Every structure is written in C-alpha cells, then in structure tokens.
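Here's the structure, in structure tokens; my notes come after.
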Amino acid sequence: MLTEEHCVGLLEHHGIKPTANRIVVVKALASAMRPLLLAELESKIGTIDKSGIFRTLTVFKENHLVHLVEDGCQGVRYELCHSHHDDEDDDMHVHFHCTQCHTTFCIDNTPIPTVELPEGYTMSTANYVVKGICPDCNAKR
C-alpha cells in the first residue's frame, strides 16, 4: 500500500493537486491491486460519495494516472497505471475476468498480442480481457 507521502508524490508527478479526497482514492486503488468498479471504490472508501469519486477518477484519467478496463460484463473498471507515465497511457496489459466471482485481475506478465490492422487504421489503445474461472473459484469446485 502506498504511504500518504508516496500518494502525494504520485499525484504531483501527474500534475494533479493532492487534495485529501484524491489521496484517499489513490490509496484505495493502490491497495486493491486490481481494477475496481466505481461502486466497489465507493464501498471501499465509504467517506466520499459516488460523484466525488467519479470526478476524482475523471481528473486521474485526464492526467494519465488511471486507465479504464472494460470487462464486457459489469461496466468500466479503474486501475492505477503501473507505468506512472505522466503524459500518455502506455500501460496496456492483459486482464482476466472470472465469470464465477466477477473479479477482474491484471495479468502483468502477459503482453497484449500484436494486432495487424488494415491500412488506414491507427491504434491508440487496446483492451484485452480473457474470461474464465480464476484459481480461487477453481479450487472451490
């Protein structure tokens, strides 16, 4: 988990003013170690309402501190960018969505496969989600 000092430094690195709410949201995202739905963040934090969290996430997205993961099931999830690059989202990696417990995990050591696009197309980002059953759910079977 990030200390408050690390959170402040991370926010400042991305050109974001470190307010109390922003520090709380960064800590919540960092401690989760996986992409979270807005509702999950709201439940985890408890002291900031949904609109306040959403506004904070919007600022984070605009400043490349978080990226969005669309798992195709429950909506948009938010994740701290591992690369912590302050002017672009260069943090593309594979995610795994468990169809049993509905948790989405980062699979950091598996690169997104190269996609050859037809002439005239330019890729800006990729969202690669593998669906199946996670190790915890497999163990319960």
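All heavy atoms count here, side chains included; hydrogens, waters and symmetry mates do not. Owing to the predicted nature of the structure, the values given are computational and were not obtained by experimental measurement. Numbering starts at 1 and runs along the sequence shown.
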Ion pair check, E40 and R77, cut-off under 4.0 Å: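 Yes, this pair counts.
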Reported [atom1]-to-[atom2] distance for the pair [X] and [Y], which is rounded to 0.5 angstrom:
{"X": "T47", "Y": "N21", "atom1": "OG1", "atom2": "CG", "value": "7.0 Å"}
{"X": "H64", "Y": "K61", "atom1": "NE2", "atom2": "NZ", "value": "7.0 Å"}
{"X": "L36", "Y": "L29", "atom1": "CG", "atom2": "CG", "value": "6.0 Å"}
{"X": "R22", "Y": "K17", "atom1": "CZ", "atom2": "NZ", "value": "8.0 Å"}
{"X": "F54", "Y": "Y78", "atom1": "CZ", "atom2": "OH", "value": "5.0 Å"}

Are any non-hydrogen side-chain atoms of [X] and [Y] less than 4.5 angstrom apart?
{"X": "I23", "Y": "V8", "value": "yes"}
{"X": "L65", "Y": "V26", "value": "yes"}
{"X": "T58", "Y": "F60", "value": "no"}
{"X": "C7", "Y": "P18", "value": "no"}

Taking all heavy atoms of [X] and all of [Y], pick out the closest pair and write down the distance.
{"X": "N138", "Y": "I133", "result": "ND2-O, 3.3 Å"}
{"X": "V66", "Y": "L57", "result": "CG2-O, 3.9 Å"}
{"X": "A28", "Y": "K44", "result": "O-CE, 3.2 Å"}
{"X": "C134", "Y": "C98", "result": "N-SG, 3.4 Å"}
{"X": "L38", "Y": "K50", "result": "CD2-CG, 3.5 Å"}
{"X": "Q100", "Y": "R141", "result": "OE1-NE, 4.0 Å"}

H97 side-chain N/O to K131 backbone N/O, donor-acceptor pair under 3.5 Å: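 No: the side chain of H97 does not pair with the backbone of K131.
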Under a 3.5 Å distance rule, please check whether S43 uses its side chain to pair with a backbone N or O of A39 as donor and acceptor.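 Checking the backbone N and O of A39 against the side chain of S43, no donor-acceptor pair under 3.5 Å is found.
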Over 12 non-hydrogen atoms of neighbours within 6.0 angstrom of CZ in F105: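 Buried by this count: over 12 neighbours within 6.0 Å.
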Test T56 against every option in V24, I16, V25, I48 by the side-chain contact (heavy atoms from CB on, under 4.5 Å) rule and name the one that passes.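 Considering V24, I16, V25, I48, a side-chain contact (heavy atoms from CB on, under 4.5 Å) with T56 is found only for V25.
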From CA spacing to verdict: side chain to side chain contact (heavy atoms under 4.5 Å, CB included), V130, I107: CA-CA 10 Å; V130 177; I107 309 295; over 6 Å; no
S51 and D49: side-chain donor and acceptor closer than 3.5 Å?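 Yes, side-chain donor-acceptor contact under 3.5 Å.
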Distance alone, cut at 3.5 Å: any donor-acceptor contact between the side chains of H95 and T104?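 Side chains of H95 and T104: no pair found under 3.5 Å.
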In terms of hydrophobic clusters joined by side-chain contacts under 4.5 Å, are M33 and L80 together?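 They do not share one cluster, since no chain of ILVMFWY contacts under 4.5 Å joins M33 to L80.
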